[in-house]
Amino acid sequence: MGVSRIDARFAALKAQGKAAFVAYVMGGDPDLETSFEVLKGLPAAGADIIELGFPFSDPMAEGPTIQRAAERSLKAGTKIKDIFELVRRFREIDQDTPIILMGYMNPVEQRGYETWASQMAEAGADGVIVVDCPPEEADGLTDALDGQDLALIRLATPTSDDKRLETLVRRTRGFIYYVSVAGVTGVKEADADAIAGPVQRVREKGGLPVAVGFGIRTPERAGAVAKVADAAVVGSALVEEIKNSLPEKAMIPAKVLEKAEKLAHAVHSAR
Amino acid sequence: MNEPFQRPNSYHQPDAKGRFGEFGGLYVPETLMPLVLELNEAWQSARKDEAFWAEYHSLLKFFVGRPSPLYFAERLTEHFGGAKIYFKREELNHTGAHKINNCIGQVLMAKRMGRTRIIAETGAGQHGVASATVCARFDLPCIVYMGALDVERQKPNVFRMKLLGTEVVPVTNGNGTLKDAMNEALRDWVTNVHDTYYMIGTAAGMHPYPEMVREFQTVIGKETRQQILELEGRLPDAVIACVGGGSNAIGMFHPFIDDETVKIVGVEAAGHGLDVYNGHAASLNGGRPGVLHGNRTYLLQDEDGQILEGHSISAGLDYPGIGPEHAYLFDLGRARYVTATDEEALEAFALTSKLEGIIPALESSHAIARVGDLAKEVGKGGIVVLNLSGRGDKDIFTVAKAMGETMGGL
């Protein structure tokens, strides 16, 4: 399915006049089975798109919350093949919700671009965000992903000027991720008023839906972002629910999904 | 005796994309891309600017105390019984290591770019001290990220930095060593893009750092060339240096790369031994290519691409990667990379202290641990130059502990 699954989801939401709620969780946090329970419940909780983190030992753009999530996942023994397996199991029960993998370059490099792309396609993932792979270094990976009709989702940031945006949007498919704050994930808060202009600029340059993330922690903020963007991404706030319930692991899926429902409701009723 | 190698195209490396062959590059989050590209533009203009280099050389002369002597290590030469061994005395520089050469260059870059806040990472603390020093001299606020374990094992340097007005931030993530400090510095940079200059301490990371740091360190090799010609009337048969990230080594090696008669030898830290999983810091001899901290290079990593922490008794070599230019020279075969264990480095540390009256840094002690082999290989009548990259005062606590001495409760 790949890119067409992403396109279909955005088209359907547009027809309903709604923004998409994108939920991020780290695969294998705190372990694979709990992680699968969360994943399985996210569509019913209102997640339109799922970003599934694949853990890396040195996540240099993450704040403490997602750093700890990656550490928990690795400590539980998660391998990259287990992330693909999570996606495959999810696809057995859901064929419509796009899954975007998110992580860092080295695990991709170690598999090789072609293998990475074919394993993504086989598992049923639709796109990938590689945080430390700017357009300058992305040609090989983009070729491999294009060959499987998968999207390499690019990040635009507050530091991207018009010239940079043109470089960024080339060969991007699915949607563009606007990082609403200069910083790491989950620390600074996004200012919804300040992002309206940049989001519009990115949308015009790219001709694709724009998802906003990196600074959305509350339903209020998610709702405000959904007014101006095509999607609102929430990661750290969901991962915090996992961390808070660690003493009672069985409660994790319910806690995360409860939070996701509130965020989804805010996003879907924003306009 | 020279191993065959493909001549590195008279050395126009890296290319415009920051590549040394397949190594190097620009693997950074998008938020940093405009900054890194701006830095590259500023650097490409600075390197052609005579006034920039005049200021750099003036500071090296009057503030750092260059040129550093090239010293005939007579007793060590006698001890090994082979080629004449010379020490390039980088440990005599202001702040006690080669690191200051780079910091002088980079603080001038920060000034040129109008940046008002400096961040740096440090392992052994030598780069941290050098950064703190130039920031004091140029009245710039400085924040140094240092792994919590390194803060513990390099206490004298932590205090020196504080004395110089720098804020030292201990990093507890991961193993609390250099790699984790670098992650944290990058997180700071991504958050403070508008005013901050990142002063990377080694010839690694994203383009243009490997090239820029190399250019600020080649003063070592250039001086060596001139000094050995004056002293011996010819080039050395070999140069040798320790390699962590690899800035002292590339500074020594680079001016000799086109001289086919000069053997080039880097010494990696073998820690507990190359055969001990995650027990060494030898990226070339015990790792494979991957992407970390902005560049493609050899890395210590598991089969899934997760980075290993590695180990070395020397905080300055305790890094799971290596500068991309070394990766390139390694693949090309122009430089040879060997290893020395913790134990061998400690022996060399003690030996040099006793025979030469010079206490070398534990980092440099790794090179000394292999210089005997090299002197014998080159043979009597030959000349070997070793880059004595730093002094060992900072290491006395670590060494005392390893020797089972208590140092009077310190």
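Note that these values count all heavy atoms, side chains included, but never hydrogens, waters or copies made by symmetry. Every chain is numbered from 1, with letters handed out A, B, ... down the list of sequences. Worth saying up front: this structure is predicted, and the values here are computed from it rather than measured.
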Problem set entry | Any donor-acceptor pair under 3.5 Å from A:Gln110 side chain to B:Gln306 backbone |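 A pair under 3.5 Å: no.
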
Which atoms form the tightest heavy-atom contact between [X] and [Y], and what is the distance?
X        : Y        : value
B:Val291 : A:Phe56  : O-CZ, 4.5 Å
A:Pro134 : B:Glu30  : CB-OE1, 4.1 Å
B:Gln301 : A:Asn106 : OE1-ND2, 2.8 Å

Problem set entry | Salt bridge present between B:Asp304 and A:Arg111 (N-O < 4.0 angstrom) |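 Looking at B:Asp304 and A:Arg111, the cut-off is met.
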
Problem set entry | Salt-bridge contact A:Glu137-B:Arg296 (side-chain N to carboxylate O under 4.0 Å) |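 No salt bridge links A:Glu137 with B:Arg296.
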
Side chain / backbone / both / neither for [X] at chain A, heavy atoms under 4.5 Å:
X        : value
B:Leu299 : side chain
B:Ile307 : both
B:Pro29  : both

For [X], is it the side chain, the backbone, both, or neither that has a heavy atom closer than 4.5 Å to a heavy atom of chain B?
X        : value
A:Lys188 : side chain
A:Pro64  : neither
A:Glu136 : both

Exercise. Just checking, is any N or O donor in the side chain of B:Asn173 or A:Gln67 under 3.5 Å from an acceptor N or O on the other one?
Worked result: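 Judged by distance alone, the side chains do pair up.
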
[X] side, atom [atom1]; [Y] side, atom [atom2] - distance, nearest 0.5 Å:
X        : Y        : atom1 : atom2 : result
A:Thr159 : B:Glu38  : OG1   : CD    : 10.5 Å
B:Asp180 : A:Met60  : CG    : CE    : 14.0 Å
A:Asp132 : B:Leu186 : CG    : CG    : 10.0 Å

Exercise. Given side chains that start at C-beta, do those of A:Asp58 and B:Asn183 come closer than 4.5 Å, heavy atoms only?
Worked result: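 With C-beta onward as the side chain, the pair touches.
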
Exercise. Do the non-hydrogen side-chain atoms of A:Val187 and B:Thr191 ever get within less than 4.5 Å of each other?
Worked result: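 Heavy-atom side-chain distance check fails, nothing below 4.5 Å.
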
Problem set entry | chain B contacts, top residue of A:Val130, A:Ile80, A:Leu155, A:Leu74 (heavy-atom pairs, under 4.5 Å) |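 Heavy-atom pair counts peak at A:Ile80.
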
Exercise. Do you know which of A:Ala138, A:Pro135, A:Gly183 has the most heavy-atom pairs with chain B at a distance under 4.5 angstrom?
Worked result: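 The candidate making the most pairs under 4.5 Å is A:Gly183.
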
Problem set entry | Atom CD of B:Glu41 with >12 non-hydrogen neighbours under 6.0 angstrom |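 Count not over threshold, so no.
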
Problem set entry | Heavy-atom pairs under 4.5 Å with chain A, option from B:Arg187, B:His293, B:Met33 with the top count |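 With the most close heavy-atom pairs to chain A, the winner is B:Arg187.
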
